[in-house]
Each structure stands twice: as C-alpha cells, then as structure tokens.
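A quick write-up on the structure given underneath.
Basis for what follows: all heavy atoms, side chains included, without hydrogens, waters or symmetry-related copies.
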Amino acid sequence: MPTYRQIHDRLLGHYGPQDWWPANSPFEVMVGAILTQNTAWTNVEKAIANLRRAKVLSAKAIANLPATDLAELIRPSGYFNIKAKRLQNFCRWYLEQGGLSALKKRDTAELRDALLSVNGVGPETADDMLVYAFERPVFVIDAYTRRLFSRIGLIAGDEGYEILRHQVEQAFARDKSRLERFNELHALIVIHAKAHCRKQPACVGCPLSFDCQVGRDENTA
DNA sequence: ACCCAGGGTCATA
DNA sequence: TATGACCATGGG
C-alpha cells in the first residue's frame, strides 16, 4: 500500500507539475473557488470570462452589482442565484476585513476560521483559498481524494473532513516544502480523475499501478 | 435520456 | 450526528 508521499511522487512523475490555481490573481482564485462548487471548471471559465469582459472582476464591483445582474453574468457556472449571493457575501466580507493585504497578515488557523464564517464558504472552498491564494500549507479534501485514498485502503472513506485533512497534513509534517506538496497533490488528484473519466472501463495506464477509477462514483473497491 | 462536475446550506429526526 | 432536499448549467 503506497504512502501519501509515494502517491504524490508517482502522480507528479506521470503528469508533471500542474502550476495551480488557474487564475491571474489571488482574488480571482477566491472567486473561482466559490464558482467551482460542485461544478465543472470549464463552466467556471465562462463565468469568469463574463465577469472580466464586464469589468467587474473585483471585490468592490461584485459587491456593488445588482444581484440579478451578477447572477446573469455567472449563469454558465450553474447555481447562479445562490452563487451570486455567495460571491457578494464573500466580497463584502473581504472588503470589511481590509482586503488582501490585511488578510495576508493573519495566522493560518485564524484566517481559516474567518473564511469559514462567511456564508457560502465551506471547508473545501476555504482550503482552496488558503493554499492557492494565501499560500498556506493546508491540504484540500475533495470527493476525488476520498475515493482515491479509500480505494487504495489508506482511509475508510467516511471520516470527517478535518480528520482526513489532518491525517494527510501529518504525513508531510516534517517536509520542508509541504506547501508545494499540498498544492501539487490536490491538483494532481483532480487531473488524474479527469484523465480517467467515465469513457474508460478501467484506470488505464494508472501511474499508481492500481485501478483506482477516481473518475467514477460507483465501484467502491 | 442519463450522469455528474475541483460543495454548501438548511430543515428535519 | 446524520441524512435529504435544494441549488442549475453544460459536456460526455
């Protein structure tokens, strides 16, 4: 049974560095993190392109936009009514807190709690922001990660989010460059899942030498 | 036609 | 604490 570190190394060797998050600024990372909730990234790209074209890809602009206008711009990303509210909740909070420069000064644990206090920001979204916008060494747990680790046998699969996060983070606790490891591992797992989608009957050419089928929901073993 | 995507919130038991 | 309903577009 491979270790978390071996999984990281094998995926990295096979797919190469992913250079995440695909965004032009920390704020754009945060917008994308909210828009990609349970949504394909290709749809998020369209929504972000709309925001950029409308010149409202900033906290102030989004906070001051009529909710119905914002919803229309982000329509391609799905759940557009609720996500318009979430984006505005977040942007107003972001401005109240003093913006990026003020947030960057906060301790990681405190910043995480603050992010989680925003309605519409859950654990995965907060951790996406912490790693890819604030460069803090936290590991993001998503559905793919649960499937992969449980099918390999490293976890049961029904553990709580925090339990899993700490378990993986502990595996790299003494790693000098664990931020880069957490950054890559999450991105690699997502890319790996996309590479082995529903079109294939098995995890063909799996770099983990294991038919993990991360891109499939069923098949729990 | 069906499945699900780089989740989160809220009501209910 | 633990399910279930709900949110909604777009690609395979």
Side-chain angles (χ1 to χ4, degrees), chain A residues 7-8 11 15 17-23 26 28-51 67-68 70-91 93 112-134 138-150 156-165 168 182-204 212-220:
Chain A
I7 292 171
H8 168 277
L11 289 175
Y15 296 104
Q18 297 304 306
D19 194 30
W20 268 25
W21 184 286
E28 193 178 318
V29 170
M30 302 187 219
V31 171
I34 290 173
L35 291 180
T36 199
Q37 290 169 359
N38 203 40
T39 299
W41 181 253
T42 51
N43 287 2
V44 177
E45 289 181 314
K46 295 170 186 171
I48 290 180
N50 286 347
L51 294 174
T68 53
L70 179 56
E72 198 53 39
L73 289 169
I74 65 171
R75 173 181 284 274
S77 69
Y79 304 126
F80 49 84
N81 286 318
I82 184 119
K83 282 178 180 173
K85 286 183 183 174
R86 289 178 183 178
L87 273 183
Q88 292 196 309
N89 284 342
F90 177 76
C91 287
W93 170 85
R112 188 171 195 274
D113 287 341
L115 289 168
L116 289 174
S117 75
V118 180
N119 186 291
V121 178
E124 185 176 339
T125 304
D127 289 339
D128 278 335
M129 294 178 178
L130 287 169
V131 180
Y132 299 106
F134 292 99
V138 304
F139 184 69
V140 180
I141 304 293
D142 67 347
Y144 294 141
T145 304
R146 276 181 192 280
R147 284 181 209 166
L148 177 62
F149 292 163
S150 76
D158 57 350
E159 296 92 339
Y161 186 99
E162 292 298 83
I163 301 292
L164 284 182
R165 183 170 73 90
V168 178
F182 295 146
N183 179 322
E184 283 296 344
L185 183 53
H186 174 58
L188 286 164
I189 289 172
V190 174
I191 291 302
H192 179 59
K194 288 181 178 176
H196 298 279
C197 61
R198 302 186 289 282
K199 299 178 70 174
Q200 299 179 355
C203 198
V204 181
C212 63
Q213 301 200 36
V214 181
R216 289 167 179 263
D217 198 359
E218 304 174 38
N219 199 338
T220 316

Quickly work out the [X] [atom1] to [N] [atom2] distance and round it to whole Å.
| X | N | atom1 | atom2 | answer |
| --- | --- | --- | --- | --- |
| A/Tyr79 | B/dA5 | OH | C1' | 8 Å |
| A/Asn81 | B/dG8 | CG | C1' | 16 Å |
| A/Arg86 | C/dA8 | CZ | P | 9 Å |
| A/His192 | B/dG6 | NE2 | P | 14 Å |
| A/Tyr161 | B/dG6 | OH | C1' | 11 Å |
| A/Leu73 | C/dT9 | CG | C1' | 15 Å |
| A/Ile82 | C/dA5 | CD1 | P | 17 Å |
| A/Asn38 | B/dC4 | CG | P | 11 Å |

Main chain of A/Glu159, side chain of A/Arg146: is a donor-acceptor contact present, judged purely on distance under 3.5 Å?
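Judged by distance alone, yes, a pair lies under 3.5 Å.
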
Does the ring of A/Tyr144 lie flat against the base of B/dG6, closer than 5.5 Å centre to centre with planes under 30°?
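By the stated criterion, A/Tyr144 and B/dG6 do not stack.
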
Which of residues 43-51 of chain A sit near DNA chain C, with a heavy atom under 4.0 Å from it?
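Output list: A/Asn43, A/Lys46.
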
Does A/Arg147 make a side-chain N or O approach to OP1 or OP2 of B/dA5 shorter than 4.0 Å?
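Yes, because at least one side-chain N or O of A/Arg147 sits under 4.0 Å from OP1 or OP2 of B/dA5.
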
Using side-chain contact (heavy atoms from CB on, under 4.5 Å) as the criterion, point out the one residue from A/Val31, A/Asn50, A/Leu51 that pairs with A/Ile74.
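Among A/Val31, A/Asn50, A/Leu51, the one that satisfies the side-chain contact (heavy atoms from CB on, under 4.5 Å) with A/Ile74 is A/Leu51.
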
State which residue, out of A/Leu73, A/Leu35, A/Asn43, fulfils the side-chain contact (heavy atoms from CB on, under 4.5 Å) condition with A/Ile48.
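For A/Ile48, the side-chain contact (heavy atoms from CB on, under 4.5 Å) check succeeds only for A/Leu35.
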
When you measure from every atom of DNA chain B, which of residues 118-127 of chain A have a heavy atom less than 4.0 Å away?
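Heavy-atom contacts with DNA chain B come from A/Val118, A/Asn119, A/Gly120, A/Val121, A/Gly122, A/Pro123, A/Glu124, A/Thr125.
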
Parallel, tilted or perpendicular: rings of A/Phe139 and A/Phe182 (30°, 60°)
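Taking A/Phe139 first and then A/Phe182, their aromatic rings sit tilted (interplane angle of 30° to 60°).
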
Rounded to the nearest 0.5 Å, what's the gap from CZ on A/Phe149 to OG1 on A/Thr145? Could you check?
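So the gap between those two atoms works out to 5.5 Å.
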
Just to be sure I follow the notation: if a pair is Watson-Crick (purine N1 to pyrimidine N3 plus N6-O4 or O6-N4) or a G-U wobble (N1-O2 and O6-N3), each under 3.5 Å, what dot-bracket string does DNA chain B give, with | for pairs to another strand?
.||||.|||||||

